[in-house]
> 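Before I ask anything, let me first share the structure, which is written out below as structure tokens.
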Amino acid sequence: MPELPEAETIVRTLEPLIQGQRILSADYPGRRVWRGDVPELKGLAVVNVRRYGKQVLVGFDKGHLLVRLGMTGALIVDQIPTPYTRAVLTLSHCRLMFEDIRQFGWFEFLDEAPTQLGPDPFDLTSTAFAQRLRLRKTRAKVALLDQQFIRGVGNIYTDEALFRAGIHPNAHTHKLRAARAERLHQELIALLNEAISLRGSSISDYVDASGEKGSFQLRHRVYGKEGEPCPVCGTAIERIVIAQRGTHFCARCQKA
DNA sequence: CTTAATGTTCCCCA
DNA sequence: TTGGGGAACATTAA
């Protein structure tokens, strides 16, 4: 699914398309999309659209819609419904659809903005990030994927950030030197900014609120590159499994 | 036919 | 209490 750069792109493209509009009706054609009680959205006005980690938060004049995009979720305006359309919100001037092929996503209605996840990587200094990392007794890959550690990073950007920082995905977080941990944060921020500027990575399904694909997948250096030469040293990129996720790295450039 | 895919949650074990 | 590992959810594509 969308990770932080994809969620950011969705938010930036979606907000101007729906801001200020009122919800006229809501339909849920597919598998149940709401976690918890089904709220009455009719009559609510869209105040803003923001990102919370890799999730999308639609702010109303009363309450918030938190959209968990899961693995294949997409928020698209004025598209033709598909068998995977799980929600259609008819607004004053357009229709907002939630498409979700694998059905892993869901909606949640919140009275207050969410606060339960770890800090956004953009809100941390590198020093604070390094301190946080030292307190986690786990492996680098696991820490970056953990939304309680920092919010927004998923499988693609974890592999890409660890490669850029020269850190092995199995490196023990509490043993990393402060300088390397700070470097990881700096590389992560640069990576996320580059990915946002290219409107995210479209691996299979991801599109923004206008249905446009991103292009950062063309800049991936290790993710999905098993067997291909490392762009730095030419060694074949390896693929292992960590936390049930495919993990791609260069054994020569990335050290524990 | 098998495996893997941008994610999360739940359950069991150490 | 914390962390590890695996299964599960549903669908497509190679």
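Letters A, B, ... mirror the listed sequences (proteins, then strands); counts begin at 1.
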> Which nucleotide, C:dG4, B:dA5, B:dT9, lies nearest any side-chain atom of A:R239?
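Of the candidates, B:dA5 comes closest.
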
> Rounding to an integer number of Å, can you tell me how far A:N170 CG sits from C:dG3 C1'?
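Spelled out: CG on A:N170 to C1' on C:dG3 is 14 Å.
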
> Describe the nucleic acid contact of A:R86 in one word from base, sugar-phosphate, nothing, applying a heavy-atom distance below 4.0 Å.
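The residue A:R86 makes no contact with any strand.
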
> What nucleotide among B:dA5, C:dA8, C:dA10 has an atom nearest to a side-chain atom of A:H248?
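The nucleotide sitting nearest to the side chain is B:dA5.
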
> Closer than 4.0 Å, any side-chain N/O of A:T72 to the OP1 or OP2 of C:dT11?
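So the side chain of A:T72 is outside the cut-off, no N or O lying under 4.0 Å from OP1 or OP2 of C:dT11.
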
> For C:dG3, does either OP1 or OP2 sit under 4.0 Å from a side-chain N or O belonging to A:R136?
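So the side chain of A:R136 is within the cut-off, an N or O lying under 4.0 Å from OP1 or OP2 of C:dG3.
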
> For A:R252, does the CZ atom have more than 12 heavy-atom neighbours from other residues, nucleotides or ligands under 6.0 Å away?
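Not more than 12 within 6.0 Å, no.
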
> Nearest whole Å is fine: how far is C:dA10 P from A:M71 CE?
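Going from A:M71 (CE) to C:dA10 (P), I get 14 Å.
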
> If hydrophobic clusters are built by linking Ile, Leu, Val, Met, Phe, Trp and Tyr wherever their side-chain heavy atoms come under 4.5 Å apart, do A:F149 and A:L162 end up in the same one?
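Yes: a chain of side-chain contacts under 4.5 Å links A:F149 to A:L162.
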
> Identify whether A:L96 and A:I23 are in the same connected component of the hydrophobic contact network (ILVMFWY, side-chain heavy atoms under 4.5 Å).
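Same cluster: A:L96 reaches A:I23 through Ile, Leu, Val, Met, Phe, Trp or Tyr contacts under 4.5 Å.
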
> Between A:V46 and A:F60, is the side-chain contact (heavy atoms from CB on, under 4.5 Å) condition met? List the steps.
CA-CA 5 Å; A:V46 177; A:F60 300 120; 4.0 Å; yes

> So, does A:R32 get its side chain near the phosphate of C:dC9, meaning an N or O under 4.0 Å from OP1 or OP2?
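A:R32 to C:dC9 OP1/OP2: no side-chain N or O under 4.0 Å.
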
> Without decimals, in angstroms, what is the distance between A:I156 CD1 and B:dA5 P?
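After rounding, the gap between these two atoms is 11 Å.
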
> Just the rounded figure in Å: distance from C1' of B:dA5 to OH of A:Y206.
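Rounded to whole Å, this separation is 17 Å.
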
> Rounded to the nearest angstrom, tell me the gap between atom CG in A:D100 and atom C1' in B:dT8.
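Checked: the CG to C1' distance equals 13 Å.
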
> Should A:K137 be listed as having a side-chain N or O under 4.0 Å from OP1 or OP2 of C:dG4?
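A:K137 to C:dG4 OP1/OP2: no side-chain N or O under 4.0 Å.
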
> From the set B:dT9, C:dG6, B:dG7, return the single nucleotide nearest to any side-chain atom of A:Q244.
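Out of B:dT9, C:dG6, B:dG7, the nucleotide with an atom closest to A:Q244's side chain is C:dG6.
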
> How many Å lie between CZ on A:R245 and P on C:dG6, as a whole number?
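In whole Å, C:dG6 P lies 15 Å from A:R245 CZ.
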
> Report, as yes or no, whether the 6.0 Å neighbourhood of atom CZ on A:R180 holds more than 12 heavy atoms from other residues, nucleotides or ligands.
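Check passes, neighbour count above 12.
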
> Sort out the partner of C:dA10 for me: Watson-Crick or G-U wobble, both distances under 3.5 Å, none otherwise.
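With both distances under 3.5 Å required, C:dA10 matches none.
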
> Please report, rounded to the nearest Å, how far the P atom of B:dG7 is from the CG atom of A:D146.
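Whole-Å distance recorded here is 13 Å.
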
> Which value, in whole Å, describes the distance between the P atoms of nucleotides B:dT3 and C:dG6?
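The answer is 15 Å between these two P atoms.
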
> Closest approach to the side chain of A:Q147, judged atom by atom: which nucleotide of B:dT8, B:dA5, C:dC9 is it?
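Between B:dT8, B:dA5, C:dC9, the one nearest the side chain of A:Q147 would be B:dT8.
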
> How is A:I101 classified with respect to the nucleic acid when contacts are heavy atoms under 4.0 Å: base, sugar-phosphate, or nothing?
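Since only primed, P, OP1 and OP2 atoms lie under 4.0 Å of A:I101, the category is sugar-phosphate.
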
> To the nearest angstrom, how far is A:Q148 atom CD from B:dT9 atom C1'?
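Atom CD in A:Q148 sits about 12 Å away from atom C1' in B:dT9.
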
> Check whether any side-chain nitrogen or oxygen of A:R102 sits under 4.0 Å from OP1 or OP2 of B:dT8, and answer yes or no.
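False: A:R102 side-chain N/O out of range (4.0 Å or more) of B:dT8 OP1/OP2.
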
> Report the nucleotide, chosen from C:dA10, C:dA7, B:dA5, that has the shortest atom-to-atom distance to any side-chain atom of A:R31.
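Taking heavy atoms from C-beta onward, the closest nucleotide is C:dA10.
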
> Is there a side-chain polar atom (N or O) of A:R35 under 4.0 Å from OP1 or OP2 of B:dT9?
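Affirmative; the distance criterion is met.
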
> Using the rule for Phe, Tyr, His and the six-membered ring of Trp, do A:F104 and B:dG7 stack at under 5.5 Å and under 30°?
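Stacked: centres under 5.5 Å apart, planes under 30°.
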
> Between C:dA10, C:dG3, B:dA4, which nucleotide gets closest to the side-chain atoms of A:Q103?
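Closest nucleotide to the A:Q103 side chain: C:dA10.
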
> Report the C-alpha distance between A:E3 and A:Y206 in whole Å, list the side-chain angles of each, state the deciding distance to 0.1 Å, and finish with yes or no for side-chain hydrogen bond (donor to acceptor under 3.5 Å, both in side chains).
CA-CA 10 Å; A:E3 301 181 29; A:Y206 165 72; over 6 Å; no

